[in-house]
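Shown next, in structure tokens, is the structure this report addresses.
All values derive from a computational prediction rather than experimental measurement.
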Amino acid sequence: MKRNVLKKRFFRELKSEFGKYLVIFLFLIGSIGFVSGFLVASNSMLAAYDKSFTKYRVEDGNFELSAPAGEDLQTALVKEGLTLYENFYLSEEVAETGAKLRIYKNQTEVNLVCLMEGTLPKASDEIAIDRMHADNNGLSVGDTLTVGGKTLKISGLVALSDYSALYEKASDMMFDATKFGVAVMTEEGFAGQGDTHLHYNYSWIYNTRPESDKAATERGEDVLEILLGSAVRTGNAPKNFLPAVSNLAIQFVGDDMGRDNKMMAVFLYIIIAILAFVFAITISNTITKEALVIGTLRASGYTKGELIRHYLALPMTVVAVAAVVGNILGYTVFKDIAAKMYYNSYSLPTFETLWNADAFVRTTVIPVLMMFVINLVMLVRKLSLSPLRFIRRDLSKRKKKKALRLNSKMSLMTRFRLRILLQNLPNYITILVGVFFANVLLLFGFVLPPLVDNYEKDITSNLIAEYQYVLKAPAETIEKSAERYSVTALQTVEGKLRSEEVMVYGVAKDSGYIDAEFGDGVLISTAYAGKHGLSVGDEIILEESFGEQTYTFTVAGVYDYPAALAVFMEQEELNKRFGLGEGYFNGYFSDVELTDLDERLIATKITAEDLTKTTRQLKVSMGELMDLFLVFGVAVFLLVIYLLSKLIIEKNAQSISMTKILGYTDLEINKLYVWITSVVVVVSLVGTIPLVNYIMKYLFATMLADYPGWLPYSVPFTAYIRMAALGIAAYAVVAFIQMRKVKSVSKSDALKAVE
């Protein structure tokens, strides 16, 4: 009989608070569904990515030579226990988009292609291009492109297994799928493009694959020694050497997906924890309101366990059903949304949806346990009092103390508001915590666009020159404004941060492009100083990319160059330090394009468009994710503020009713109850911004630590204003709803108290 009574109360409580539970239920479905879909898509795509190494025979490394490899070199490499594959490519510009296209022959032995749409090229005037590059440039099957002066038809869209992330160079901070792409052609079509922009690239696969990254690195060093030994004898030195374990175009996706999963799980746990505390406070207030009923039930024979189970039933039912529905939507609707986000960032092969036990644990088991434990602890603590204490409404575990004495010089309204604040302090603390987490999400959504825009503006306004040319060998130009320089590439030493490329520039005295005095040391770029925390007087150690020689420099100053990690010194000193010979140069700074240079002698041409690839790709890759963070940030904010401010009004319904009897108008009552909540919300919104900003700065530094290059954290003040304005505007909606709630409180509520 007792159980039937409690069951009836269950449905009655659900009906009376249906709106509140519906909002929480829908929000839980959205949060759990999105995270579940994200984890399912990530796990399924990661499995397809892992299988691709075997399925598509992805290389174990590649290198580029100045000329085709001789038989002696090939024989030496075969003896090292690997199979060498000719993997030449052409680097051509697309007239319609201005993008660089790296074209390979359609391979049948290494780095196989996954066809996503259309067909692979069959005729010499056909080409299949990377699917993501096509999407970013509005290209589709059947379109025509002018590549290297020849008109080609797009026969299909593909994903190249060794370009899951479209990094053009290993030193790039970010891949660029808009201005850089990869493609395949038939052997005849490839030959028809000529050899002006031909690169003698080779890929290798070990006969027995290394068991670990460390082993792969060691074997890569053995391969490099063979290449360097051959270069001494033949002069055919490696221009690029990149083991797969260090190749971001191959490895970045696997590393990035793992980080995303952890971030999404933490995001869900934060939301569940906030909602669990909201439930706990709601139940606590319900117990306070129903103290007399609870005391009577306990005195009538109901056990504490029965009441705990009763009060747990509703929140546990809501979260359990939401978890089930959310997971169903995760495997259907949200999975496709998450997959689309990944396909917007990476050139991944097709995947099969897999059951993900880890996603089930993270999105169902852990949220249900969190909800259960948090509410159970509160209920055990709250219901541990004797039945008589409940009947007397004496629910405080501490001895009653006198109310905090307030200064009588304060106005009555001010003291009244302070009393409301003190009486509802746990609710307001939860509002503060909820607003803090909402601000983290909001700032994450707001910070990227201005940060990227500022970085792009800094790069374009601090260019060394409109054009930087790196030459394969010294070459003359008739352009008088062009300035010679020397350049070489070194690596930072592996330590707290991953080793990455640093460009070392030798600049002419009285340079017209770099205004600097070198003194007794070198200058480093602002990007280098920012990422490694360097300042004047510090020593830096750099090492050869393909060798064991190290170089030590003293930092004499920081040069405003945010585009890349770079070191600047006098040209004469660089030539002497690296044994390049007096008068040597291998590059030009110029503000006009040097059209008279032989293109076969140009190793790299760097323009503003090349330097801003990071910003372009971040906008493409993270645009949708930033929008989602904004939506969830506003949703968390609205939900927490609405539920807790509603709770405050309900908890004080009796007092509100009494003030109405005493003649206070609804407007005056709103100035008491809604006003103090408004102050708490606004103070929380504005007051947590410095802490949120500090945390975001740390998160960005951590996120970018493994990326080549540096993206400085710089957020304009307007971003904070927009964030606060959005929060206040969202709260205005809640405040309007609570004003209507105050208006609906009846004067008769004051007469219902049984003391």
Side-chain angles (χ1 to χ4, degrees), residues 6-40 264-265 267-286 309-335 337-338 359-376 378-379 427 430-431 433-434 437-438 441 628 631-647 649-650 730 733-734 737-738 741:
L6 292 177
K7 285 179 181 178
K8 289 178 181 178
R9 281 177 55 83
F10 175 88
F11 291 107
R12 188 164 63 246
E13 287 173 15
L14 178 61
K15 184 178 179 182
S16 65
E17 295 288 350
F18 184 75
K20 178 179 76 177
Y21 288 118
L22 179 63
V23 170
I24 294 176
F25 178 69
L26 293 175
F27 189 77
L28 280 169
I29 286 177
S31 303
I32 291 172
F34 173 71
V35 175
S36 174
F38 197 94
L39 295 178
V40 168
M264 285 298 166
F267 164 70
L268 178 62
Y269 299 155
I270 289 171
I271 290 175
I272 296 297
I274 292 172
L275 292 180
F277 279 109
V278 169
F279 266 124
I281 291 171
T282 302
I283 295 170
S284 176
N285 286 333
T286 301
R309 286 193 294 273
H310 168 68
Y311 283 108
L312 272 176
L314 201 49
M316 294 310 300
T317 300
V318 169
V319 72
V321 175
V324 172
V325 176
N327 270 281
I328 292 171
L329 292 174
Y331 275 88
T332 53
V333 179
F334 288 107
K335 176 260 299 180
I337 294 173
F360 177 77
V361 171
R362 291 188 181 190
T363 62
T364 303
V365 177
I366 293 178
V368 169
L369 283 175
M370 287 176 65
M371 188 70 71
F372 176 77
V373 171
I374 291 172
N375 283 281
L376 179 64
M378 184 280 302
L379 281 167
N427 298 27
T430 308
I431 285 178
V433 174
F437 284 115
L441 297 176
L628 281 170
V631 170
F632 270 101
V634 172
V636 169
F637 177 82
L638 285 172
L639 185 67
V640 171
I641 301 302
Y642 169 73
L643 291 175
L644 293 176
S645 59
K646 178 176 179 289
L647 203 61
I649 299 297
E650 291 172 351
V733 177
V734 176
I737 295 172
Q738 297 314 321
K741 186 75 176 175

Check: In Å and rounded to the nearest 0.5 Å, what is the CG to CZ distance from Leu379 to Arg309?
Finding: 12.0 Å
Notebook entry, point to check: Any idea which heavy atoms bring Met370 and Tyr269 closest together, and the distance?
Noted result: CE-O, 3.4 Å
Next item on the list: Determine the minimum heavy-atom distance between Pro367 and Val319, stating which atoms define it.
Entry: O-CG2, 4.5 Å
Margin query: Please determine whether the number of non-hydrogen atoms from other residues, nucleotides or ligands lying under 6.0 Å from atom CZ of Phe25 exceeds 12.
Written below: yes
Item checked: Distance (rounded to the nearest 0.5 Å) between Ile29 CD1 and Phe334 CZ -> 9.0 Å
Next item on the list: Could you tell me the separation between the CG atom of Leu329 and the CD1 atom of Ile337, rounded to the nearest 0.5 Å?
Entry: 9.5 Å
Notebook entry, point to check: At what distance, to the nearest 0.5 angstrom, does CZ of Phe360 lie from CD1 of Ile366?
Noted result: 11.0 Å
Notebook entry, point to check: To the nearest 0.5 Å, how far apart are OH in Tyr21 and OG1 in Thr317?
Noted result: 10.0 Å
Notebook entry, point to check: What heavy-atom pair brings Ala338 and Gly37 nearest, and what distance separates the two atoms?
Noted result: CB-O, 3.8 Å
Next item on the list: Indicate the atoms forming the closest heavy-atom contact of Leu39 with Ala359, along with that distance.
Entry: CB-CB, 3.7 Å
Check: Considering all heavy atoms of both residues, which atom of Gly326 and which atom of Ser36 are nearest to each other, and what is their separation?
Finding: O-CB, 4.4 Å
Next item on the list: State the CG-OG1 distance between Asn327 and Thr363, to the nearest 0.5 angstrom.
Entry: 4.0 Å
Notebook entry, point to check: Quick one: are Ile272 and Leu28 in side-chain contact, heavy atoms under 4.5 Å?
Noted result: yes
